[in-house]
Amino acid sequence: MDIYEPEKIEKKWQDFWEENRFFKAKDFSKKPKKYILIEFPYPSGDGLHVGHARSYVALDAVARKKRMEGFNVLFPIGWDAFGLPTENYAIKTGIHPKVATRKNIENFKRQLKSLGLSFDWSREINTTEPEYYKWTQWIFLKLFEKGLAYQAKIPINWCPSCKIGLANEEVIDGKCERCGAETEQREIKQWLLKITEYADRLIEDLEKVDYAEKIKAQQINWIGKRYGTEIDFKVDGPDEVIKVFTTRADTFFGVTAVVLAPEHPIVASLLKIKNQISNIKNYEEVKNYIKQSEKKSEFERTNLTKEKTGVELKGIKAINPVNNEKVPIWIGDYVVATYGGGAVMMVPAHDKRDYDFAKKYGLKIRKVINPGIRYSLKIKIGEAKKIVDEHKRKYKNYEIGLTQKNGILELYAKDFNIAYPVLEKLGQEKYRSFSPDMFIENEAFTGYGFLTNSGEFDRLFSEEAIEKITEFLEKKGLGKKTIQYKLRDWVFSRQHYWGEPIPLVFCENCAVKIKNQKSKSKNNKEFNEGELLNPGWIALSEKDLLVELPHIEKYQPTGTGESPLSAISDWVNVKCPKCEGPAKRETDTMPNWAGSNWYYLAYTMLGNQKSKIKNQKLIWDKEKIGYWMPVDWYNGGMEHTTLHLLYSRFIYKFLWDIGAVPKSAGSEPYQRRTSHGMVLAEDGRKMSKSFGNVINPDEIVQKYGADTLRIYEMFMGPFGETIAWNINGLKGCRKFLDDVYNYYFKWIKGYNQDYFQTWIQGTQDNKSTNGEFSAILNKTIKKVSEDIENFRFNTAISQLMILKNDFYEPLRDNEISSRGFIKFITKRDFEKFLIILYPFAPHISEELWKELKHKNSISFEKWPKADQEFLKEATFELVIQINGKVRDKVEVPMDISEEEARRLTLEREIVKKWREGKEVKKIIFVKNKLINIVV
RNA sequence: GCCCGGGUGGCGGAACUGGCUUACGCGUACGACUCAAAAUCGUAUGACCGCAAGGUCGUGUGGGUUCGACUCCCACCCCGGGCACCA
């Protein structure tokens, strides 16, 4: 008797698929296209994680289903191989990163293939191959050309013991990940990309795409767009102006100080002129404070639990432009230098941080906002606004206001007497959703409310006051409306070896020339925008690409903070492409995100290679991009939401802007984005070598089979959620496949030869097994189809199990008939089951399909459609409730009328019992569902 | 603190246009097969009361709306993820 032995069938089918190039995507095919993408892996030495597998298997199922539905599917794979882990590994072991990468890729490839994933291997990419990173460099050149790349001094994390700059993820709690030494801040020149120029579009265009809500929210949060007011505080004495940013102009009359970040440029200039105008009296103290905070690491400064510190600039004051009040100027390192200009107005009564600071240093606290009461409204903002405005006009500055927060419309009022008449007009219930704000002693009140102690603005609602006060300042020329972003420009250089060289050179001659020319002519044809922006940095011409990463044996850090490339003088020293004078190459390399910015485009361009240029496979091909883009479904980890996903959207938009991507492809690279949850170890912790709890997919495939692993990873829980591995769950999935296999071999083929012969010929094929089975079969087809689209793979599998349980019912000995089974299903119905099982468990499906005497692979079968006729059931169980509690059920025909149902129900014994001595008040009938008797 | 999720049996989780809570899987118990074990198969399995028929309670907590609430509304508690002296 045949037993299910996956190790005997899986490899066979994997080879078969590969040899026949089953999953090759065809450029410009007439079939509609579907571009299905998973985040390409970083080929680390650890090998494939079962977490990778979860994502890949899911989208593999999608890809396989889409092919069956007649789509031309592109489902590619590649390697994101530049970056630190490999470089660190190389430093530790002495194995060159190139060699390590090659080995790791080999291992990954073997592992991926053992899972039976239907990748188009002919389009495999590798970001570290020259033919690939040539284009990564090309994109950088274009960014530079358009003035979107610039150099600036940026503080980096520096480990004084390893003598190397560290990425943020290498700094753990302010300490170096490798040696544990405290890291310092060091300023070095870095290349930055102006992603901030795209901030608005990166927010707005989210409306065009289908991303999970939390992904959108996270990106919007990360970009952090804030509308506010910029206010000028003149310094009393020296001729300086402090610009502060605030979103709460309504608290303006509560300002009792201005606080500057220690790095604020005005601080330096105020200190410089000390002797001339004799301003600052505590010069030494201030100097000291600045020095102290410079020493503090980013970690220390942003540690929220630490008490805030600061120092007053004694001897000078700032002038509040709204009431000409003179307020002290402080320096405090809790003020973030890079946001809102590095200066804040301090309103202790209405900001928690300011309150703490004021309490500590004995600054004045002046209350200017009175809390009101708050109702959330159930109507549209436009409607509400009209009524409230009208009401206000009638009663002049009435203390009432509207505001919308996170999509919830709220009405604020000073008190109940004011609120009630308005609520009545708005048609809202007075008691619902009410919540009074309160002013608590010894705390700042940070909510909206009504102004007080604010001169002519008294009694206004916060939101209105913000408008009015900003207008007032604008008129006086002392302030304006403005927008701030949390998003910073993207630091795009690394002082490491294992990355793409930046295709620029530095030329002294040209630097001088640009500095001289700059004032003369603005329309400079000789230099591009990037060259003018970064005097001396000259772009290589496109034909000089690629800048190959030189093969070196010493990729250890230099100790100076420079990239190891700087040590290769014959590589560094070149001729300037502009003036032919002596120039030096940029020795920084790109971060590991560079290659992943555009890899989804590379896949599209790799089909049907016809290149004539030697060793040049990858050619920029707009037509192919146009055919395949955008990606229809992109799945990846939540951890990439604010980095890779945002960066690659930015780069794509840029390429689209300059016409490198055809306009027809749309301005967004990914139409749909989903994310998978993490797979934790059985103990609920993260899988980690140090815990010894890592599950190796190789072992699972070997012991249980790839199909079992695939089914289990889909079944273990909701796809988007984190879930712990459970070996018994896996075994249960193996049992499911065992049953499928046995159904055919043990019970159909193995039981009775005569019966088997008629079955396999499929003479009854035109007829379905029976009505009852058809109903469940069609229901399953429907559910599996929908669940795959909605990435609810766990319920798809459970439905397949339900279907299997329905036909897999071995008889007990005393019941055995000539057939061996209670449930008789036709060959045709069994085949349908195999087809819908195929996306999840392709090997076993192929195997059984072949057993059923099919010449063609199941991979090309048509995806079945649910037959509406069978979805309708003839009868249903009418639920009988008494006072809303289920008391009885009765089988009745579909679409039973209310009268009929009533009559049937009232006849039931139980119902009679419950009605005894009581009066039937009401009967509620829900068609095809239930009947509820209220007594 | 802010933003997103989430809280349902012993466990992973189903069911959410308001209408049978706990599908599917795991675990557990008992039984069959076996000398025995494993595997396999069968039965049971939310809690409590009861010999039983049956009843009461039950989807984080407390209220509310409704004939009827896991689902809607209000307040709160807890867990996970993201951001964070961002003014």
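Each chain gets a letter, A, B and so on, in the order the sequences are listed, and its residues count up from 1.
- A cation-pi geometry, defined here as NZ or CZ lying under 6.0 Å from the six-membered ring centre and within 45° of its normal, holds between K308(A) and Y334(A).
- As judged by a 4.0 angstrom heavy-atom cut-off over every strand, V344(A) is placed among the base-contacting residues.
- Salt bridge status for R54(A) with E713(A): absent, with no side-chain N to carboxylate O gap under 4.0 Å.
- At the heavy-atom level, Q218(A) lies under 4.0 Å from the strands shown only through sugar-phosphate atoms.
- U71(B) makes up no base pair with any nucleotide shown, lacking Watson-Crick or G-U wobble contacts both under 3.5 Å.
- OP1 or OP2 of G68(B) has not a single side-chain nitrogen or oxygen of K929(A) nearer than 4.0 Å.
- If you find the closest nucleotide of RNA chain B to N883(A) and to N726(A), the one lying nearer the 5' end belongs to N726(A).
- Take V336(A) and apply the side-chain contact (heavy atoms from CB on, under 4.5 Å) test, not counting sequence neighbours, and it matches T338(A), Y339(A), R488(A).
- Judged by atom type and distance alone, K922(A) does not reach the base of C67(B) through any side-chain donor-acceptor pair under 3.5 Å.
- Between C26(B) and K735(A), a contact under 4.0 Å exists linking OP1 or OP2 to a side-chain N or O.
- Projected onto RNA chain B by closest heavy-atom contact, G717(A) and N728(A) fall at different nucleotides, the more 5' of which corresponds to G717(A).
- The glycosidic torsion of G9(B) lies within 90° of 0, placing the base in the syn range.
- At G25(B), none of the side-chain N or O atoms of R734(A) fall inside 4.0 Å of OP1 or OP2 (strictly under the cut-off).
- Using cut-offs of 30° and 60° on the angle between ring planes, the pair Y361(A) and W330(A) is tilted.
- Between the side chain of N932(A) and the base of C67(B) there is at least one donor-acceptor pair of N/O atoms closer than 3.5 Å.
- Taking 4.0 angstrom as the limit, R887(A) places none of its side-chain polar atoms (N or O) nearer than this to OP1 or OP2 of G54(B).
- For U40(B), neither phosphate oxygen OP1 nor OP2 lies less than 4.0 angstrom from any side-chain nitrogen or oxygen of N742(A).
- Listed nucleotides: G55(B), C20(B), A87(B). Nearest to the side chain of V886(A): C20(B).
- Under the 30°/60° scheme for interplanar angles, the aromatic rings of Y4(A) and Y741(A) are found to be tilted.
- Judged purely by distance below 3.5 Å, without hydrogens or angles, the side chains of T403(A) and E410(A) never pair a donor atom with an acceptor atom.
- Nucleotides C41(B) and C24(B) are separated by 15 Å at their P atoms, to the nearest Å.
- Counting any heavy atom pair closer than 4.0 Å across all strands shown, K352(A) reaches no nucleic acid atom.
- Between N794(A) and A14(B) there is a side-chain polar atom (N or O) within less than 4.0 angstrom of OP1 or OP2.
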Could you run down the sub-3.5 Å N/O contacts of the protein with nucleotides 8-10 of chain B?
none

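- In this pair, F833(A) and F736(A) present their aromatic rings perpendicular. The plane angle is above 60°, beyond the 30 to 60° band.
- A donor-acceptor contact under 3.5 Å is not formed by the side chain of E721(A) with the base of G80(B).
- Considering every non-hydrogen atom in both P348(A) and A444(A), the closest pair reads O-CB, 3.7 Å.
- In the set G13(B), A87(B), G25(B), the nucleotide with an atom closest to the side chain of I723(A) is G13(B).
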